[in-house]
Asks: 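Just passing along the structure, written as structure tokens.
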4 protein chains.
Amino acid sequence: MHVDIAAAEAAIAAARRRAEELGTKMCIAVVDSGADLKAFHRMDDAWVGSIDIAIKKAKTAVFFGMPTGEIGKLSQPGGPLFGIEHSNQGLITFPGGLPIVDENGVLVGAIGVSGSSVENDHAVAVAGVAPVGVSDLPAHPWRT
Amino acid sequence: MHVDIAAAEAAIAAARRRAEELGTKMCIAVVDSGADLKAFHRMDDAWVGSIDIAIKKAKTAVFFGMPTGEIGKLSQPGGPLFGIEHSNQGLITFPGGLPIVDENGVLVGAIGVSGSSVENDHAVAVAGVAPVGVSDLPAHPWRT
Amino acid sequence: MHVDIAAAEAAIAAARRRAEELGTKMCIAVVDSGADLKAFHRMDDAWVGSIDIAIKKAKTAVFFGMPTGEIGKLSQPGGPLFGIEHSNQGLITFPGGLPIVDENGVLVGAIGVSGSSVENDHAVAVAGVAPVGVSDLPAHPWRT
Amino acid sequence: MHVDIAAAEAAIAAARRRAEELGTKMCIAVVDSGADLKAFHRMDDAWVGSIDIAIKKAKTAVFFGMPTGEIGKLSQPGGPLFGIEHSNQGLITFPGGLPIVDENGVLVGAIGVSGSSVENDHAVAVAGVAPVGVSDLPAHPWRT
């Protein structure tokens, strides 16, 4: 079950509107449930370094079916997942990546946002998910 | 001089319309003049393998300021650029990538299309460039 | 808006003079606003391992439009950007990389220096920027 | 035995003069005998894709102590080195890379040039080597 392009575009449009309200310049990526890129949008004057971070946040969120910031809590020094960022050709584990879950509780993709503070990145990701689903998955094993 | 997001979206929209007319499912990428991703769009049911090819075609076209197919003519066995695809983390040198040149003759970015025959990929790339510029650069050295 | 080769060479020459004053052996890299390498200079007897670090510092500074050391303050364990170094094929987030901003407040490139203590690396980077611009960007969103 | 920075700069300056005579825009790289980057110069309006090619040509020439075009003759389909470009993180095996050999017959580095036809790239590489050495090595095993 993959997010379709109509949903991906709706998510990006909603995220962009929120980014503009916040006065930020964002890179916004949507991936499907296979962690493959579906759509991407770089606002003018967004950081060039945020291209890869936005995409990696989206991939990270779908790789593990949880917000990127949740993984970051576990990957600190001494934590159970310390160093997990070395896997999968590089993860980003601070906030700004959120799963997209459909009305049946199925993980259909994720959104990743980068370009400002992590608080703003997260807020824009939340806005992007809103029109197309939720970010809370049922207890694992959830379905894809 | 970089393609802006409005132009990138206009290029993708035009490319998508042409892809639909042709009954094809395409991945469409736009990069700026620094070969950094600006926008990306994967139509539903497009090949997953075309994600990377579309992006590499766009990068290749801006890397050398020419259509990807022109490079491919020179990179055949026995040709002067045989093996050039090993550079820049992988080039794609068959048709489907085209430079975007503005009204002043400046290279501002490129489009890359993948998902069907190279003829269709090229036709969709041509359609994508049409509303935002041309693909013919002045004689090198052109400006960026 | 890209740093031109005359500016890149002026920056490297100034950086090199400062490095010699400090009795250090440095690798010095200049990238344009697309994070693509413009010029590079390795002083005799500089560390071989500093080649990649100097280039990555320059790229990191232009990726996010700020001194590399500023990012490092945010990427410590427990910090909001912990692990950001895994993005963009590897960042370097300790001092020695500085943006180059022109008289109009536009980010046109960056310099990266590696080969001694981070204090010396930073001092040499400062000297490199001086003849060609400043490192302070206007409040984001700045322009590229 | 490594090319020093004075020689690297002399090689780049000579190469650049020849490039200007030919009306071309080149990327010019010099590596030492360890294949590590010593100096790099991208002329304004040179192809962005030539950055990596120039560096890879220089590395390739020093990796095997011969002009890149000689390796390309052996790496064609059916040839004894077919596919060698997959090694060493990517080789470039068409003309434009030349060894730099000192007066004692020792390989001290190499120059790589990219930005125009392979004939022009080679001519500019020849001009770059001229003030600092020759490109002909004694019969292998030569010394480094």
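Predicted, not measured: the structure shown is a model, and the values here were computed from it.
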Asks: Can you tell if the side chain of B:F82 reaches within under 4.5 Å of the side chain of D:P77, non-hydrogen atoms only?
Replies: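 A side-chain contact under 4.5 Å exists here.
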Asks: Answer whether the closest heavy-atom distance between the side chains of D:F94 and B:S75 falls below 4.5 Å.
Replies: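 Result no, sub-4.5 Å side-chain heavy-atom pair not found.
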Asks: For B:E20, I'd like to know if atom CD has over 12 heavy atoms of other residues, nucleotides or ligands within 6.0 Å.
Replies: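 Atom CD in B:E20 is crowded, with more than 12 foreign heavy atoms closer than 6.0 Å.
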Asks: Once rounded to the nearest 0.5 Å, what's the spacing between atom OG of D:S50 and atom CD1 of B:I84?
Replies: 7.5 Å
Asks: Which bit of D:I55 is near chain B, if near means a heavy-atom gap under 4.5 Å: side chain, backbone, both or neither?
Replies: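 The answer is neither part of D:I55.
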Asks: Using modelled atom types only, decide if a donor and an acceptor are shared between the side chain of D:D52 and the backbone of B:S87 within a distance under 3.5 Å.
Replies: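 No, because the side chain of D:D52 does not come within donor-acceptor range (under 3.5 Å) of the backbone of B:S87.
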Asks: Look up atom CD in B:Q76 and atom CD in D:Q76, then write down how far apart they are to the nearest 0.5 Å.
Replies: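 Separation between the atoms: 10.5 Å.
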Asks: Mind ranking D:K56, D:H86, D:M43, D:K73 by heavy-atom pairs under 4.5 Å with chain B and telling me who comes out on top?
Replies: D:H86
Asks: Is B:N88 close to D:I53 at the side-chain level, that is, under 4.5 Å between some pair of heavy atoms?
Replies: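 D:I53 reaches B:N88 side chain to side chain.
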